[in-house]
Visitor: 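Quick one: structure below, then a few questions.
Here is the naming used below: chain letters follow the sequence lines, and residue numbers restart at 1 for every chain. Note that this is a predicted model, so its numbers are computed, not measured.
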2 protein chains.
Amino acid sequence: METFPDILWKRFGNASKYPKNSTEDFFMRTPTIRDVAQRAGVGVGTVSRVINGSPQVADGTRQKVLEAIAELGFSPNKAARQLSGGKTSTVGVITPFLTYPSFVERLAGIQDVLDHHDYDLVLYSIRHPQQTQRKLREIGAQVAVDGLIVLSFLLQTFTHEELRRMNLKLPLIAVDHDPQDYYPHIFIDNVAGGRMAAEYLIRKGHRKIGFVGHVIESAFENESGFTSSQRRFKGMKDMLLEAGLPINDAWYQFGAPNEYSACEQALHILSVPNRPTAIFAAYDTLAFGVQAAIDKLGMKCPDDVAVIGFDDVKAASYMRLTTVNQQLFHSGELGAQYMLERLKTGSFKPDHWHVELALTVIERATA
Amino acid sequence: METFPDILWKRFGNASKYPKNSTEDFFMRTPTIRDVAQRAGVGVGTVSRVINGSPQVADGTRQKVLEAIAELGFSPNKAARQLSGGKTSTVGVITPFLTYPSFVERLAGIQDVLDHHDYDLVLYSIRHPQQTQRKLREIGAQVAVDGLIVLSFLLQTFTHEELRRMNLKLPLIAVDHDPQDYYPHIFIDNVAGGRMAAEYLIRKGHRKIGFVGHVIESAFENESGFTSSQRRFKGMKDMLLEAGLPINDAWYQFGAPNEYSACEQALHILSVPNRPTAIFAAYDTLAFGVQAAIDKLGMKCPDDVAVIGFDDVKAASYMRLTTVNQQLFHSGELGAQYMLERLKTGSFKPDHWHVELALTVIERATA
DNA sequence: TTTGACAATGGAAACGTTTCCAGATATACT
DNA sequence: AGTATATCTGGAAACGTTTCCATTGTCAAA
């Protein structure tokens, strides 16, 4: 009971270490650059040059080689390529082990760009912050990727000095990362985003504004820098103070980053005697929970209580949620794009060192 | 303006092709197995044996080697390992380019298992079905992965014969795949799942049951085998017929696989004079859209119209959605687990050839 | 003491590329 | 014709492992 590929693998896979003699192997081996060279009647160097698009090849020769490649169905072996030339055509993405929709959308953006440039994507995940250093060291030492995109978490513990000690020879770019000078990064101004959300609600006539956010409890989340909820909260409060609007701690609740918890929190907020007329949720996912709470209390969303989210994940548009767009997919695209450019040119463009993405309030049905 | 790693990379990275002479390089190179051997005063073969856990090493020697490895911070080069031994410690996952939550949960399961076994995960995505063959061939030829997990789509076009022609030497396992005899696969009985959902609603006293599903429009979706929505619909209809309940085509709507579209469809269904009292949504995401529609019409979810979904994605529990659980995360875990076992033992266990996962109705607040 | 068996070890060859250098060929200029 | 220059090409060496074979050392049995 074996797959067909299995049988082939067991019988011929990784063999061919000995049968060097017979020119025409009865069993088809995976063709190598040598086979191509022989077939085209040229040297291996020439084939390599053709593969890599070197201009130093006569047109006629190139033709012959390309034909031989096509006939044999040759595709260069990645490992050999990497071992010899130091290039893997692979980019790593390292993330906390989370499945937030926002993470997925960013990843999709990265994948999309890499795919168009024939780069592969290796996904690393970090479960515990202590793993981070070891993992980075491993990745660096194995030379399995050409570059690394750090997605949605903060390398707080990795200072300049520590990386120097690690001797990590790997270009790094961070997507969704607080501004720091150690690596290029793509980021948003969460405080400003909080202000924008609050400002929008104020402009809509709201004077009592609540907040549902993410409480930072575990050491991991803390060290990983999941501070966006806090920043957004700060931005909102700043705005409220400036506008001279009331601050009431009973209107602000923090909990786990999921809809269910957000629903509970919203229920609390909406049960106080002097309840707010609008709620700002730190993430869209939390906003969905808030909507559920409003529903549960028999209230109407835009009229009794307005809701604004943050992120603009795909589901937000389906749910007609008013929210702050932060260009999730695009952030991934940019990260990948800059990384590829870095790999091609040898250095990051100064402009790509510190890239802030614009935020936009998207007005839909909930506020 | 360069990252610190950048500078190192440019100056020393991939160099060391020449400085063979001086025993003590001033600039630290990435240590190789030879460095370890020298430091431990043994041969390279011995170091290799230690790394790979061969019993053919004296304890004392092993100690020395391990120490040298630790001191130098040595980590074996993946490319070299692969080129020589044919093993990559990497498993590929190939999927249609989609970001459905169900896909992500399966992927998370895979990632989780691989991570625990020090395997890397390479993510391939297919945008057009025509790519599939080329992509598979590439993956096979590059020998960049030890095995391939085909996730959430059907290799309909790849018959036994075609794969034989491709000479694909790669163990394959499919997760969320219709039963076929060509590869091992993990699957669910979608028809039975549809029956279960319908049966549940009937048991709850419903006699008029609607359906919101996914219309198969594009060639890609068609060829990729996105037939689960149809199967679930068939199961439901079978059950209704058996129970002698009414069939009314106005109650069944099909559209794009997102909340928004599902909302529209549900609005249609609930606007007919003789509307159903319960709706079965082919996916949880669609169920969320149905709930939105109910809300919009000023109806109450469990009382006026009941809703049952399918998949039991994470969000379903937050949303208190009654649904059919299909063990998404677990399906990924199993796929990865079986693949690793295959890689270790050389063949898939007969029991793992054809694995059906149980379905369970999860009763929550919406039906 | 000799022999045989076996465990432990060192090191060469092989994996399939890229890159560099030297050589060959063609072209242009004296 | 002879020389210089530019273009093209072949092939060896190198990348860092694993694996196999040969060699050494050890111990038990004769």
Visitor: Please report, rounded to the nearest Å, how far the P atom of dT18(C) is from the NZ atom of Lys78(A).
Guide: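 Nearest whole value for this atom pair: 13 Å.
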Visitor: Figure out the NZ/C1' separation between Lys87(B) and dC15(C), and round it to whole Å.
Guide: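 About 14 Å, once rounded to whole Å.
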Visitor: Tell me whether Thr345(A) contacts the main-chain N or O of Glu341(A) through its side chain, where contact means a donor paired with an acceptor under 3.5 Å.
Guide: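 Yes.
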Visitor: Has the side chain of Asn77(A) got a donor or acceptor atom that lies under 3.5 Å from a matching backbone atom of Ala79(A)?
Guide: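 Pair found, side chain donor or acceptor close to backbone of Ala79(A).
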Visitor: In whole Å, I'd like the distance from the CG atom of Asn77(A) to the C1' atom of dC15(D).
Guide: 13 Å
Visitor: Taking only residues two or more places apart in sequence, or in another chain, which ones meet Asp35(A) in a salt bridge (charged side-chain N to carboxylate O under 4.0 Å, His left out)?
Guide: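 With neighbours one apart ignored, the set is Arg29(A).
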Visitor: Which angle, rounded to 10°, do you find between the first-five-pair axis and the last-five-pair axis of the helix from dT1(C)-dA30(D) to dT30(C)-dA1(D)?
Guide: 50°
Visitor: Heavy atoms from C-beta onward define the side chain here; which of dG10(C), dT17(D), dT17(C) lies closest to that of Phe74(A)?
Guide: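 Looking only at side-chain atoms, Phe74(A) lies closest to dT17(C).
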Visitor: Mind checking side chain to side chain contact (heavy atoms under 4.5 Å, CB included) for Asp112(A) and listing every partner two or more places apart, or none if nothing turns up?
Guide: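 Listed in chain order: His116(A), Phe329(A), Glu333(A), Phe97(B), Arg127(B).
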Visitor: What's the CZ-P distance between Arg34(B) and dG11(C), to the nearest Å?
Guide: 10 Å
Visitor: Please report, to 0.1 Å, the donor-acceptor pairs under 3.5 Å made by any side chain of residues 59-73 of chain A, with sequence neighbours excluded.
Guide:
from	atom 1	to	atom 2	distance (Å)
Arg62(A)	NH2	Val57(A)	O	3.2
Glu71(A)	OE1	Arg39(A)	NE	2.7
Glu71(A)	OE1	Arg39(A)	NH2	2.8

Visitor: Name every residue in residues 51-68 of chain A that has at least one heavy atom under 4.0 Å from any atom of DNA chain C, in order of residue number, or write none if there are no such residues.
Guide: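 Nucleic-acid contacts, sorted: Asn52(A).
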Visitor: Have a look at Ser48(B) and say if it touches a base, only the backbone sugar-phosphate, or nothing, with a 4.0 Å heavy-atom cut-off.
Guide: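 Base, at least one base heavy atom under 4.0 Å.
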Visitor: Pick the closest DNA chain C nucleotide for Arg49(A) and for Ile33(A) by heavy atoms, then say which residue is nearer the 5' end.
Guide: Ile33(A)
Visitor: According to side chain to side chain contact (heavy atoms under 4.5 Å, CB included), who are the partners of His117(A), at least two apart in sequence or on a separate chain?
Guide: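 By the side chain to side chain contact (heavy atoms under 4.5 Å, CB included) rule, His117(A) matches Val113(A), Tyr119(A), Leu340(A), Lys344(A).
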Visitor: Does Tyr124(A) have any ring-ring contact (aromatic ring centres under 6.0 Å, His included) partners at least two apart in sequence or in another chain, and if so, which?
Guide: none
Visitor: Reckon Thr46(B) has a side-chain N or O less than 4.0 Å from the OP1 or OP2 of dT9(C)?
Guide: no
Visitor: Excluding sequence neighbours, so at least two apart, what forms side chain to side chain contact (heavy atoms under 4.5 Å, CB included) with Thr88(A)?
Guide: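 Result, side chain to side chain contact (heavy atoms under 4.5 Å, CB included) vs Thr88(A): Gln82(A), Thr90(A), Asp146(A).
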Visitor: Excluding sequence neighbours, so at least two apart, what forms side-chain hydrogen bond (donor to acceptor under 3.5 Å, both in side chains) with Thr95(B)?
Guide: none
Visitor: May I have the distance from Leu83(A) (atom CG) to dA13(D) (atom P), rounded to whole angstrom?
Guide: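 The answer, rounded to whole Å, is 17 Å.
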